[in-house]
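First comes the structure, then the notes that go with it.
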2 protein chains.
Amino acid sequence: MQHSVSSLLKQHGLRDTQSRRLVLHALVKGNKPLSQKEVYETIKRTDGSINLVTVYRILEKLEELGMVHRHLSSGGFVLCSLEGHAGHHVFLSCQDCGKVEECADPELCRHEDRIARSAGFIPKTHLSELLGLCSSCHTR
Amino acid sequence: MQHSVSSLLKQHGLRDTQSRRLVLHALVKGNKPLSQKEVYETIKRTDGSINLVTVYRILEKLEELGMVHRHLSSGGFVLCSLEGHAGHHVFLSCQDCGKVEECADPELCRHEDRIARSAGFIPKTHLSELLGLCSSCHTR
DNA sequence: TTTATAGATGCAAATATTTTGCAATTAAAT
DNA sequence: ATTTAATTGCAAAATATTTGCATCTATAAA
């Protein structure tokens with residue numbers, strides 16, 4: 001795990017630093033959107049020490065590079081789980097436990113394109129969020 | 001216009017106050033998502049006087065009642081232009097001029113439902129945002 | 001290895017944003 | 001007109017975000 005995070009950083013041309021590993025690790029463990037402060041607190045609580053300002057700066061950079069996304073309704077950060085799907089992401093957000101999954105659906109993408117064009121828009125990117133209950137929350 | 005804003009307030013069981021009229025009016029004129037501060041500044045610049053705290057409180061209440069929506073990517077507030085479509089809104093956002101249109105598309109809604117269900121989710125509400133260039137911006 | 005260096009981090013402090021408590025005001029029902 | 005619950009303004013507190021600068025460190029070159 002630690003290793004995969006390191007190579008993820010290198011793949012994106014970033015220095016493999018302790019702080020960045022901690023931030024990415026917090027997002028992986030969190031499995032839901034986390035604010036900068038939540039990332040900071042997760043790290044303090046478990047692995048080690050980091051500065052809140054550093055968390056801000058790291059998340060800003062990771063977002064620039066598309067390694068994390070800003071979750072729409074919560075504003076928190078989630079690790080981007082999709083490769084090669086820049087420009088179209090669908091979040092499935094559980095209103096109960098807060099878990100967020102991400103998926104891509106090419107057909108939905110085309111459908112949204114059509115809507116945009118029929119309104120005279122030239123579409124560039126799409127964002128969608130579906131809010132509801134995840135399987136483990138609604139079976140209970 | 002002033003009158004329609006007043007009746008809009010009453011329709012939702014809200015007192016028809018000067019401050020609320022100013023806030024709604026600012027959103028109508030803005031024709032794009034505005035943050036609390038932007039609403040505040042619009043009002044100061046044009047119509048009259050209001051307190052920033054009041055703007056926060058009014059927008060919070062209008063959002064609760066579904067009269068305005070939080071725009072996803074910008075975080076600003078936009079007047080809800082649709083009646084009877086609670087739970088599914090598609091924003092068309094121009095990346096150049098910032099204009100935001102809103103529409104509803106029942107077929108898209110069903111499509112998103114299917115995606116959610118196939119991932120084991122029980123969907124409740126959907127949010128979509130299509131970013132691109134509006135007709136007047138891409139013809140130039 | 002060691003060294004040089006661009007990039008990353010920590011710390012302190014400045015800004016900006018959002019929330020809260022309370023007294024004064026006001027819309028609307030009687 | 002009077003009453004009253006809701007709304008607003010003001011001041012201040014609490015949070016969140018950004019900035020500047022000195023120090024440190026991951027990497028690449030020697």
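Computed from a predicted model, the values in this text were never measured in an experiment. Convention: sequence-line order gives letters A, B, ...; per-chain numbering from 1.
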Q) Any salt bridge (charged side-chain N to carboxylate O under 4.0 Å, His left out) pairs touching residues 55-69 of chain A, not counting sequence neighbours? A) none
Q | 5′-ward residue of the pair B:Val53/B:Ser19 relative to DNA chain D | A | B:Ser19
Q: Give the B/S/- string for nucleotides 25-30 of chain C, one per nucleotide from 5' to 3', where a protein heavy atom under 4.0 Å of the base yields B, of only the sugar-phosphate yields S, and otherwise -.
A: -BBS--
Q) By the rule that ILVMFWY residues connect when side-chain heavy atoms come within less than 4.5 angstrom, directly or transitively, which residues belong alongside A:Val53? A) none
Q | Residues touching DNA chain D, which here means a heavy atom under 4.0 Å, drawn from residues 54-61 of chain B | A | B:Thr54, B:Arg57, B:Ile58, B:Lys61
Q. Would you say A:Lys32's side chain and A:Cys97's backbone share a donor-acceptor pair under 3.5 angstrom?
A. yes
(Q) Holding to side-chain contact (heavy atoms from CB on, under 4.5 Å), I want the full list of residues that pass it with B:Glu38, two or more places apart in sequence or in another chain. (A) B:Leu34, B:Ser35
Q.
Testing the basics here: between B:Ala116 and B:Pro123, what is the closest heavy-atom pair and its distance to 0.1 Å?
A. CB-CB, 3.8 Å
Q: Can you sort out the partners of B:Arg117 under salt bridge (charged side-chain N to carboxylate O under 4.0 Å, His left out), two or more places apart, ordered by chain and number?
A: B:Asp113
Q. So what is the 5' to 3' dot-bracket string for DNA chain D, if pairs are Watson-Crick or G-U wobble with both distances under 3.5 Å, crossing pairs use [ ] and | means the partner sits on another strand?
A. ||||||||||||||||||||||||||||||
Q: Could you tell me which residues satisfy side-chain contact (heavy atoms from CB on, under 4.5 Å) with B:Tyr40, sequence neighbours excluded, listed by chain and number?
A: B:Lys44, B:Ile50, B:Leu52, B:Val55
In residues 129-140 of chain B, what donor-acceptor pairs under 3.5 Å come from side-chain atoms, sequence neighbours left out?
from     : atom 1 : to       : atom 2 : distance (Å)
B:Glu129 : OE1    : B:Leu72  : N      : 3.4
B:Glu129 : OE1    : B:Ser73  : N      : 3.0
B:Glu129 : OE2    : B:His71  : NE2    : 3.1
B:Glu129 : OE2    : B:Ser73  : OG     : 2.5
B:Glu129 : OE2    : B:Ser93  : OG     : 3.4
B:His138 : ND1    : B:Cys134 : O      : 3.1
B:Thr139 : OG1    : B:Ser135 : O      : 3.1
B:Thr139 : OG1    : B:Ser136 : O      : 3.3

Q. First and last nucleotide of DNA chain D touching chain B, 5' to 3', heavy-atom cut-off 4.0 Å?
A. D:dA5 to D:dA11
Q.
If I take atom CD1 from residue A:Ile58 and atom CG from residue A:Leu24, how far apart are they, to the nearest 0.5 angstrom?
A. 8.0 Å
**Q.** Cationic N near anionic O, under 4.0 Å, B:Lys99 to B:Glu101
**A.** yes
Q) What's the CD1-P distance between A:Ile50 and C:dA8, to the nearest Å? A) 14 Å
**Q.** B:Arg70 side-chain N/O to B:Phe77 backbone N/O, donor-acceptor pair under 3.5 Å
**A.** no
(Q) A:Lys37: which residues meet the salt bridge (charged side-chain N to carboxylate O under 4.0 Å, His left out) condition with it, sequence neighbours left out? (A) none
Q. Going by the salt bridge (charged side-chain N to carboxylate O under 4.0 Å, His left out) test, which pairs reach into residues 3-19 of chain A, not counting sequence neighbours?
A. A:Asp16-A:Arg21
Q. So, is B:Gln36 close to the C:dT17 phosphate, meaning a side-chain N or O under 4.0 Å from OP1 or OP2?
A. no
